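For reference, the structure discussed in these notes is given below.
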Number of protein chains: 2
Amino acid sequence: MNDSTPSPDAALVSLAVSTVVFALRADSEGESASLRLPLVRRIREPFNGRWALPGGPIDPTEGIERAAGRHLFDTTALSPTYLEQLYAFGGIDRSPSDRVVSIVYWALVRSEEAELAAVGENVRWFAADDLPPLAFDHNAIVEYALWRLRTKVEYSRIAHAFLGEIFTLTELRHVHEAVLRRALDPANFRRQMESSPAVIATGEHLSGGRHRPPRLYRYNGSVELTDRGPLSP
Amino acid sequence: MNDSTPSPDAALVSLAVSTVVFALRADSEGESASLRLPLVRRIREPFNGRWALPGGPIDPTEGIERAAGRHLFDTTALSPTYLEQLYAFGGIDRSPSDRVVSIVYWALVRSEEAELAAVGENVRWFAADDLPPLAFDHNAIVEYALWRLRTKVEYSRIAHAFLGEIFTLTELRHVHEAVLRRALDPANFRRQMESSPAVIATGEHLSGGRHRPPRLYRYNGSVELTDRGPLSP
DNA sequence: CGCTGTTAGAGTCTAAAAGACCCTTACTAG
DNA sequence: CTAGTAAGGGTCTTTTAGACTCTAACAGCG
């Protein structure tokens, strides 16, 4: 009747985690970057051979967020800079065979990090808005994760998770533009960022460029990232 | 390595649902309404005797949202007008005995509905911001649900879930005021609501009051409720 | 009947924010 | 030195939130 009432049927519902990982990667030859995500090819039924989100079962000795990170690292060698719970999917007909409840996370990785990701026969990157038919309900899950990313980038400071510690405002703007798929006015973007306490000018400049050297910024670690869930530090 | 990979350990992690239910109830004698929620007294270890959120295990034949609604109805006889997933809690030390992952929902019920709720020795209503120490991590869960409600009432149309089909703008404003715990300017509130497509004047007036008869409004069912999760209609 | 108290609801003014657009600055490449 | 280009400062307009004011429409009461 309440939490922690183990029932004999519990074993009939299996519990898994999956992660939607976004990275910003330059289109081949094209200038602008676009959102890409790594998928894993399934090597067993159901959906044998189809691409799916990285994930797997939860170990009884680890928290679910750790489980998501572990499966992600095991299959793709990625360790994201941002990881947040997305949703728990528990429809009865998600899987044609057994009953699976999936707790899905979404994550952001830096571009350099994404380069290092294991890629092979069974792991590949896909453009986030042009996916093949995936296993289970994973297409819908990616859609929802995309919606969350696009909504959240407008009011939260998550965009910096795509970048390194230090960045220019133009780089940050390019991240926003790639996520939102529209151009932003450089002057207004600058004004907004500088009025926010989340972004701090380091005082340094980036030298070596072809043009006027831009200021370098870093994120203010003491600014709370709203809505990281109830368990945030 | 992926979804639906049943492992022998799966049975060691049990899966449950719980629900944070909010209703708006008038304080005894006091004028203003306040947020209240029903809790259930635990009748077994761990936390025997403590109050906890209504919930229970997931039946393999039902979806998780249905499971939440079913447990809620079984213990409190409530059927909410609004039900949305809140978060999945899966820390390893949530329960001192076994390992439980809880998928928690939050719900809103109308005041009349709340009156009908089963109340007894083991089911009681508590003021949402003045709770006793609850079982498990349920205090933190309620805190998070309160935060979500207060955040969401500002940009979504969920407030009407506390009211009936037809309501006056003053009633709707009282709901917002109770949730946000601050007074709102009647004129500005009216302007905001009338500029939004979510609220529609019926043309009718509420007669029989002591003063100028207020207009009656209803919610526009065709307006999407944003962020009801990926599985919304 | 008209006065009064009270709530409904319209209107005004200001401050803050978002967006469109322009202009100056500072570098590199030739 | 000049041209090209991105950085970054500024202005103007539109939109929006909020504080505040004023009129409308009832019931109850003398």
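As the structure is a prediction and not an experimental result, all values here were calculated from the model. Convention: sequence-line order gives letters A, B, ...; per-chain numbering from 1.
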I need the [atom1]-[atom2] distance between [X] and [N], as an integer number of Å.
X	N	atom1	atom2	result
A/Asp185	C/dC22	CG	P	11 Å
B/Leu172	C/dG9	CG	P	13 Å
A/Arg210	C/dA26	CZ	C1'	15 Å
B/Asn188	D/dC22	CG	C1'	15 Å
A/His211	C/dT25	NE2	P	19 Å

Query raised in the report: Hey, is the side chain of A/Thr170 poking within less than 4.0 Å of OP1 or OP2 on D/dA7, counting only N and O atoms?
Result: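 It does, given that an N or O in the side chain of A/Thr170 lies less than 4.0 Å from OP1 or OP2 of D/dA7.
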Requested in this report: Please state whether the phosphate of C/dA10, meaning OP1 or OP2, lies under 4.0 angstrom from any side-chain nitrogen or oxygen of B/Arg215.
Outcome: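 So the side chain of B/Arg215 is within the cut-off, an N or O lying under 4.0 Å from OP1 or OP2 of C/dA10.
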Query - Under-3.5 Å donor-acceptor pair between A/Arg191 side chain and D/dG10 base - result: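 When only heavy-atom distances are counted, A/Arg191 does not reach the base of D/dG10 through any donor-acceptor pair under 3.5 Å.
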Query raised in the report: With a 3.5 Å cut-off and just heavy-atom distances, do the side chain of B/Arg212 and the base of D/dA24 make a donor-acceptor pair?
Result: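 Donor-acceptor pair under 3.5 Å: yes.
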Report task. Compare all side-chain heavy atoms of B/Arg157 with those of B/Tyr219 and state whether any distance is below 4.5 angstrom. Result ->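 Yes - at least one pair of side-chain heavy atoms lies under 4.5 Å apart.
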**Report entry** A/Glu165 atom CD, neighbour heavy-atom count above 12 within 6.0 Å
**Finding:**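 Atom CD in A/Glu165 is not crowded, with 12 or fewer foreign heavy atoms closer than 6.0 Å.
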Query - Heavy atoms from other residues, nucleotides or ligands near CD of B/Glu194 exceed 12 (cutoff 6.0 Å) - result: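 Above 12, so yes.
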